[in-house]
Amino acid sequence: QVQLVESGGGLVQTGGSLRLSCAASGRTLSNYAMGWFRQAPGKEREFVATIARSGDSTYYADSVKGRFTISRDNAKNTVYLQMNSLKPEDTAVYYCAAGLVPTTVTGTYARWGQGTQVTVSS
């Protein structure tokens, strides 16, 4: 089973940028579709972005489309989430997840990282 560890979260002002990383160990990332999800206090975990095993297909939530970019480097066993033009409503704990196919549904991903906090101030 693959183990996932997120990093790169922190504090940023509105309009700023941040890049999150998700490093895998135990199994090669090339075996999995990957997703990014986020959860704010008092809210349910929501879909952010997903990428196919090969990296040739991506899909984004409407709320982040045009601002966020998901990518992967299978040689480095790492998936990334580049976040630009950040807004206060982007504040949440961000999680990466591994699954069989790229979907928007939380329950379809079998393995999850511990999460990394992103806080956007106004």
Side-chain angles (χ1 to χ4, degrees):
Q1 293 181 311
V2 64
Q3 309 295 319
L4 305 174
V5 179
E6 301 97 332
S7 63
L11 301 174
V12 64
Q13 292 188 327
T14 297
S17 297
L18 211 57
R19 188 177 78 160
L20 306 183
S21 298
C22 177
S25 63
R27 301 287 294 275
T28 177
L29 258 193
S30 64
N31 292 326
Y32 306 96
M34 299 295 296
W36 283 98
F37 295 78
R38 65 188 183 186
Q39 187 167 22
K43 296 184 177 180
E44 295 186 351
R45 192 168 299 183
E46 66 175 358
F47 167 76
V48 175
T50 188
I51 187 167
R53 179 186 298 184
S54 64
D56 60 358
S57 180
T58 60
Y59 185 77
Y60 300 90
D62 289 342
S63 59
V64 306
K65 194 173 301 181
R67 299 188 298 120
F68 290 11
T69 302
I70 187 172
S71 63
R72 65 192 303 159
D73 188 338
N74 288 340
K76 295 182 178 180
N77 235 22
T78 303
V79 64
Y80 305 95
L81 184 68
Q82 178 66 47
M83 304 183 293
N84 298 326
S85 301
L86 284 163
K87 307 173 182 179
E89 52 262 45
D90 295 319
T91 295
V93 176
Y94 283 70
Y95 300 88
C96 68
L100 296 178
V101 294
T103 79
T104 66
V105 182
T106 304
T108 64
Y109 291 84
R111 301 294 295 177
W112 293 82
Q114 84 289 348
T116 185
Q117 177 71 47
V118 172
T119 302
V120 184
S121 64
S122 60

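In this structure, Arg53 has no side chain to side chain contact (heavy atoms under 4.5 Å, CB included) partners at least two apart in sequence or on a different chain. The side chain to side chain contact (heavy atoms under 4.5 Å, CB included) check on Ser85 picks up Arg67, with sequence neighbours excluded. Under the rule for a salt bridge (charged side-chain N to carboxylate O under 4.0 Å, His left out), the partners of Lys65 that lie at least two apart in sequence or sit in another chain are Asp62.
Using a 4.5 Å heavy-atom cutoff, the side chains of Ile70 and Val79 are in contact. In this structure the side chain of Asp90 reaches within 4.5 angstrom of the side chain of Arg38, judged on heavy atoms. At least one side-chain heavy atom of Gln117 sits less than 4.5 Å from a side-chain heavy atom of Thr91.
When hydrophobic clusters are built by joining Ile, Leu, Val, Met, Phe, Trp and Tyr residues whose side-chain heavy atoms come closer than 4.5 Å, directly or via intermediates, Val5 is not grouped with Leu81. Cluster annotation: Tyr80 is not connected to Val48 through the hydrophobic network of ILVMFWY side chains, with a link wherever side-chain heavy atoms come within less than 4.5 Å.
Checking side-chain atoms of Gln114 against main-chain N and O of Glu6 turns up a donor-acceptor pair under 3.5 Å. When atom types are taken as modelled, the side chain of Asp73 and the backbone of Thr78 share no donor-acceptor pair closer than 3.5 angstrom.
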May I have the list of side-chain donor-acceptor pairs in residues 7-22 shorter than 3.5 Å, sequence neighbours left out?
{"unit_1": "Thr14", "atom_1": "OG1", "unit_2": "Ser121", "atom_2": "O", "d": "2.8"}
{"unit_1": "Ser17", "atom_1": "OG", "unit_2": "Asn84", "atom_2": "OD1", "d": "2.9"}

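The ring-ring contact (aromatic ring centres under 6.0 Å, His included) pairs that include a residue from residues 3-34 number zero, where partners must be two or more places apart or lie in different chains.
Residue Glu44 places its CD atom among 12 or fewer non-hydrogen atoms of other residues, nucleotides or ligands, all under 6.0 Å distant.
Separating the CG atom in Leu29 from the CG atom in Asn74 is a distance of 6.0 Å, to the nearest 0.5 Å. Distance check, rounded to the nearest 0.5 Å: CG of Asn77 to CZ of Arg72 gives 9.0 Å. Atom CD of Glu89 sits about 10.0 Å away from atom CG of Leu86, to the nearest 0.5 Å.
The other residues sharing a hydrophobic cluster with Val93 are Phe37, Phe47, Tyr59, Tyr95, Tyr109, Trp112, where clustering joins ILVMFWY side chains under 4.5 Å apart.
Between Ala33 and Pro102, the closest heavy-atom pair is CB-N, 3.4 Å.
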